[in-house]
Amino acid sequence: MKRRHFIKNASLTGVGLAVGKSLVSCTETNEKSPFKKTSDVLEKGSLPMVIATWHVIDATAKAMQVLQAGGNVLDAVEQGCRVEEANEKGQSVGKGGLPDRDGNVTLDACIMDKHGNCGAVVYLKDITHAVSVARKVMEDTPHVMLAGEGAKQFAISNGFVPEDLLTEASKEAWEKWKVEAKYKPIINIENHDTIGMLAIDENGDISGACTTSGLAYKMGGRVGDSPIIGSGLFVDNEIGACVATGLGEEVVKTVGSFLVVELMRQGKSPQEACEEAITRIVNKPKSDYKNFQVGYIAVNKQGETGSYAIHQWFSMTKFQNGVNEQIQSDYFNKV
Ligand code: ASP
């Protein structure tokens, strides 16, 4: 099951109607899913290990390659995310990401290391590797976040080469969307495909990263959860880490990734913590959860993992014990 496909299958009214070909190409069915379920793979595993949101085996393979070559865990998550940022076919991250309503591709990303340091960029234009700019912000500035033109100029001054991120395919999808599009301040028609990656090296040290072009056809200037430390990503090297995907506004409102890590601190397994964080969203009074998706993946210090989403078709990729595989996530909305 590829990223985005859950939307078509989940029959979410009004969701995912206008996001191009990748949304309408789902072939697998829920009853016959070939993928393992999260509950089948909860055993304590050996280190190093890498997990990522969605089906991104090339990205997890790259991260594992870095770890096995003795590289550090921060390099691993950065390099892993860069694989998807460079992949023009992925229309949710980096080059080829779907644009906002005005046709601008704007990227959000963040990174967090084992010491609790972090860096982020928001509303970054024309630079493919947002995750690497986020790392530069963390390592080479006294700040944790740069936005917009300032982030772009900072990237250029650090040797990043500006390029047009709007590919023909994404431009075509946007033009198609414009034909029917009605301006809606409440964002509820887009797709959700952030790449979030968490890795643990053989010493048990953890790092994480998160990169996205955000909601397709979002309002100009909109920023979601993905670059917000504590919402889209949180790493606590004593406890574990979590990363989110889905409707960023809902993740921000519950400070989702921090919540998952804090629940693990209280003794919950990564799986239990992800489930509790999703439950907080769906149990909110008047929650409109039937019309949006949120998914979390998490890992604890021992290398145990969990993943959970509101709707079916969320998955994570896990590379551990020499096996790099997609694992179908359990989910809340079974009716
Ligand atoms: N979380 C991202 C955002 O809200 C979108 C996504 O995961 O697809 O910008």
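Only heavy atoms go into these numbers, but all of them, side chains included; no hydrogens, no water, no symmetry mates. Counting convention: from 1, in listed order, for ligands and their atoms alike. Remember, it's a predicted structure, so these values are computed and weren't measured experimentally.
A donor atom on one side chain and an acceptor atom on the other are found under 3.5 Å apart for E304 and N300.
Residue contact check: T194 has heavy atoms under 4.0 Å from atoms 1 (N), 2 (C), 5 (C), 6 (C), 7 (O), 8 (O) of ligand 1. Residue G214 has at least one heavy-atom neighbour below 4.0 Å for each of these atoms of ligand 1: 9 (O). Residue S226 approaches ligand 1 through these ligand atoms, each under 4.0 Å from one of its heavy atoms: 1 (N), 2 (C).
Taking only nitrogen or oxygen atoms, main chain and side chain alike, D225 reaches within less than 3.5 Å of ligand 1. Any N or O atom pair closer than 3.5 Å counts here, and T245 shares at least one such pair with ligand 1. Note: an N/O pair closer than 3.5 Å links G248 and ligand 1 by distance alone. Checked by distance only, ligand 1 and L247 stay at 3.5 Å or farther apart across all their nitrogen or oxygen atoms. Residue T212 has no N or O atom closer than 3.5 Å to an N or O atom of ligand 1.
Distances shorter than 4.0 angstrom do not occur between any heavy atom of S92 and any atom of ligand 1. Contact between R222 and ligand 1 is present, with at least one heavy atom of the residue lying under 4.0 Å from the ligand.
The residues K95 and E85 are annotated as not salt-bridged, no charged nitrogen and carboxylate oxygen being separated by less than 4.0 angstrom. Salt-bridge formation is detected for the pair D236/R265: a Lys NZ or Arg NE/NH1/NH2 atom is positioned less than 4.0 Å from an Asp or Glu carboxylate oxygen.
Although no hydrogens or angles enter the test, the distance criterion places no donor-acceptor pair under 3.5 Å between the side chain of T212 and the main chain of V93. Of the possible donor and acceptor atoms, one in the side chain of K218 sits under 3.5 Å from a partner among the backbone N and O of S213.
Taking the six-membered ring for Trp and thresholds of 30 and 60 degrees, F332 and Y289 have ring planes more than 60 degrees apart, a perpendicular arrangement.
Counting heavy atoms only, G246 comes closest to atom 5 (C) of ligand 1 of the residues G246, S231, G232.
Scanning for side-chain contact (heavy atoms from CB on, under 4.5 Å) contacts around E139 gives L74, R135, with sequence neighbours left out.
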Trace of the salt bridge (charged side-chain N to carboxylate O under 4.0 Å, His left out) decision for R280 with E275: CA-CA 9 Å; R280 295 271 177 106; E275 290 179 18; over 6 Å; no
